[in-house]
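Chain A is the first sequence line, chain B the second, and so forth, proteins listed ahead of strands; every chain is numbered from 1.
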Number of protein chains: 4
Amino acid sequence: MEFSENKPIYKQIVEHFFSRILSKTWTDGERVPSVREIAVLLEVNPNTAMRAFHELQELDILYNKRGVGYFVSEKAHKKVKEIKRKEFIEVKLPSLFKDMDQLDISFDELKELRK
Amino acid sequence: MEFSENKPIYKQIVEHFFSRILSKTWTDGERVPSVREIAVLLEVNPNTAMRAFHELQELDILYNKRGVGYFVSEKAHKKVKEIKRKEFIEVKLPSLFKDMDQLDISFDELKELRK
Amino acid sequence: MEFSENKPIYKQIVEHFFSRILSKTWTDGERVPSVREIAVLLEVNPNTAMRAFHELQELDILYNKRGVGYFVSEKAHKKVKEIKRKEFIEVKLPSLFKDMDQLDISFDELKELRK
Amino acid sequence: MEFSENKPIYKQIVEHFFSRILSKTWTDGERVPSVREIAVLLEVNPNTAMRAFHELQELDILYNKRGVGYFVSEKAHKKVKEIKRKEFIEVKLPSLFKDMDQLDISFDELKELRK
DNA sequence: GTGGTCTAGACCACC
DNA sequence: GTGGTCTAGACCACA
């Protein structure tokens with residue numbers, strides 16, 4: 001996997017999980033690949049993968065069965081949506097509006113740029 | 001000046017300059033405060049201020065007259081707009097659209113959130 | 001390492017890297033010593049070493065793997081040769097020819113001086 | 001006058017004098033323009049011009065008649081040639097030969113590049 | 001006065 | 001372990 005340079009890799013892995021869960025590729029209760037598998041898959045240091053798992057566990061999006069693996073928690077989908085929405089409203093939107101002001105871009109232009 | 005914690009101070013100074021130039025507080029050809037003055041004004045170490053100046057010089061937004069000081073270069077305003085626009089289009093917009101998809105937010109809702 | 005007085009140390013370190021790459025002591029893809037190691041080796045402050053690394057990174061001669069170290073980039077050797085050649089042709093040669101004119105020195109004399 | 005960025009302006013003025021004397025535009029005993037005239041002519045701070053004059057005086061290339069102006073000294077032409085030759089042999093040639101080695105450029109190629 | 005470089009040393013996030 | 005940032009403070013050449 002390719003990683004952007006301005007974000008920590010482990011955070012990008014977390015977001016990777018977010019996407020999978022949001023898109024229901026991984027659904028509530030399902031087992032996710034092991035730390036090692038993720039590390040190999042994404043060509044990443046196992047420590048880095050581990051760190052992502054920890055973060056996801058703290059967010060109650062994954063839980064661990066010792067000796068078995070990591071699983072998507074019950075309300076993971078809802079939770080992820082919550083987190084992303086919160087971040088979107090509180091962080092990204094203000095930045096977006098500021099940029100639109102400074103660059104003099106209207107909502108209509110935004111719509112155009114979508115294409 | 002107050003600095004956010006998740007971005008290097010010197011980059012925030014660079015953006016500070018961006019704003020000033022975009023808002024035409026500092027116009028093309030004008031001399032900007034000296035490194036030391038900026039350091040005192042923003043309450044940072046001169047080295048940190050210097051770093052911002054170097055970055056701005058590399059971006060062709062400031063230029064230096066030896067022994068005199070730094071000046072806003074001719075096309076600074078245009079340049080800044082270019083840089084910000086490029087970043088907006090190439091980095092922020094894709095992320096915005098992805099978020100809108102994942103969170104199922106329409107342009108109309110976006111407009112509402114503006115208020 | 002000994003440094004000349006009339007050039008910034010960090011630039012001399014950059015040229016040191018140039019030499020190593022030109023002589024293929026360090027080849028494409030290879031990891032170079034860490035910032036700290038270089039600092040100890042050349043007996044300079046880590047900051048000074050860092051500065052050289054940054055310059056080399058901007059020139060696309062080194063690239064960074066986060067948490068791992070700096071690596072010689074793919075086309076480093078070619079790149080260095082390009083840079084040096086450009087400088088030679090555009091800066092040093094004109095100066096050389098001017099000097100030869102003013103001092104009335106011919107190519108044959110130049111060859112003699114080589115010995 | 002245009003100045004190169006990597007050399008102090010006052011040194012470039014000194015070299016400017018060297019050229020004039022070598023080319024016999026200014027000959028031994030002749031009066032040269034005043035500090036102020038030079039400053040205006042070259043669009044330079046008078047202090048900077050002054051510094052060049054001091055350097056030239058120390059090198060015995062100019063001498064001063066108080067209240068009258070600066071004059072080219074008797075053996076200026078010879079002196080300049082000496083200085084330039086010394087610098088050429090001791091500083092520039094070694095650098096030239098090193099570059100030729102590293103870039104793998106022969107004397108024949110050098111001759112070609114002259115054109 | 002101006003910028004530029006450097007040391008010493010600290011702290012941090014990340015891999 | 002890695003690089004990156006920052007402060008504090010000094011010293012210097014140059015305009």
| message | If you apply the rule side chain to side chain contact (heavy atoms under 4.5 Å, CB included), what do you find for B:Lys7 with B:Glu15, and how did you get there? | response | CA-CA 11 Å; B:Lys7 261 193 197 171; B:Glu15 305 218 328; 3.6 Å; yes
| What's the verdict on side chain to side chain contact (heavy atoms under 4.5 Å, CB included) for D:Leu22 and D:Lys84, showing C-alpha distance, side-chain angles and the deciding distance? | CA-CA 10 Å; D:Leu22 272 184; D:Lys84 290 219 63 159; 3.8 Å; yes
| query | C:His16 and C:Arg20: side chain to side chain contact (heavy atoms under 4.5 Å, CB included), yes or no, with the steps? | reply | CA-CA 6 Å; C:His16 181 69; C:Arg20 299 253 165 199; 3.3 Å; yes
| task | Start with the C-alpha gap between B:Leu93 and B:Phe88, add the side-chain angles, then the distance that decides, and say whether side chain to side chain contact (heavy atoms under 4.5 Å, CB included) holds. | result | CA-CA 6 Å; B:Leu93 271 195; B:Phe88 187 73; 3.8 Å; yes
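For E:dC6, the base has a donor-acceptor partner in the side chain of B:Asn47 [N/O atoms by modelled type, under 3.5 angstrom]. Donor-acceptor pairing under 3.5 Å, judged by distance alone, is absent between the side chain of C:Arg36 and the base of F:dG1.
For A:Phe3 and E:dC14, the CZ to P distance is 14 Å, given to the nearest whole Å. Going from atom CZ of B:Arg51 over to atom P of E:dC6 covers 15 Å, rounded to whole Å. Between the C1' atom of E:dC15 and the NE2 atom of A:His54 lies a distance of 15 Å, rounded to the nearest Å. The separation between C:Met50 atom CE and F:dC6 atom C1' is 12 Å, rounded to whole Å. The CZ-C1' distance, from B:Arg66 to F:dA13, rounds to 11 Å in whole Å. What separates CG of C:Leu56 from P of F:dG4 is a distance of 12 Å, to the nearest Å. Rounded to an integer number of Å, the gap from CD of C:Glu5 to P of E:dC6 is 11 Å. With rounding to whole Å, C:Glu43 atom CD is found 11 Å from E:dA8 atom P.
Remark: the backbone N or O of C:Val72 is not paired with any side-chain donor or acceptor of C:Arg31 at under 3.5 angstrom. Between the side chain of B:Glu55 and the main chain of B:Lys11, no donor-acceptor pair closer than 3.5 Å is present. Checking side-chain atoms of C:Ser23 against main-chain N and O of C:Ser19 turns up a donor-acceptor pair under 3.5 Å.
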| Just the dot-bracket of DNA chain F, please: which string comes out with Watson-Crick or G-U pairs under 3.5 Å, [ ] for crossing, | for another strand? | ||||||||||||||.
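Taking NZ from A:Lys98 and CG from A:Leu103, the interatomic distance works out to 10.5 Å, rounded to the nearest 0.5 Å.
Aromatic rings from A:Tyr70 and A:Tyr63 are positioned such that their centres are separated by 6.0 Å or more.
Along DNA chain E, the nucleotide nearest to C:Val68 and the one nearest to B:Val68 differ in position, and the one closer to the 5' end is contacted by B:Val68. Projected onto DNA chain E by closest heavy-atom contact, B:Tyr70 and A:Thr48 fall at different nucleotides, the more 5' of which corresponds to B:Tyr70. Nearer the 5' end of DNA chain F, as judged by each residue's closest nucleotide, is the contact made by B:Asn45, out of B:Asn45 and D:Asn45.
Within residues 6-13 of chain A, no residue has a heavy atom under 4.0 Å from DNA chain F.
Distances were taken from every side-chain heavy atom of C:Asn64 (C-beta onward) to each of F:dG3, E:dC15, E:dG3; the shortest belongs to F:dG3.
When the side-chain nitrogen and oxygen atoms of B:Ser34 are compared with OP1 and OP2 of E:dG1, none of them lie within a distance under 4.0 Å.
The residues B:Asp28 and B:Lys75 are annotated as not salt-bridged, no charged nitrogen and carboxylate oxygen being separated by less than 4.0 angstrom.
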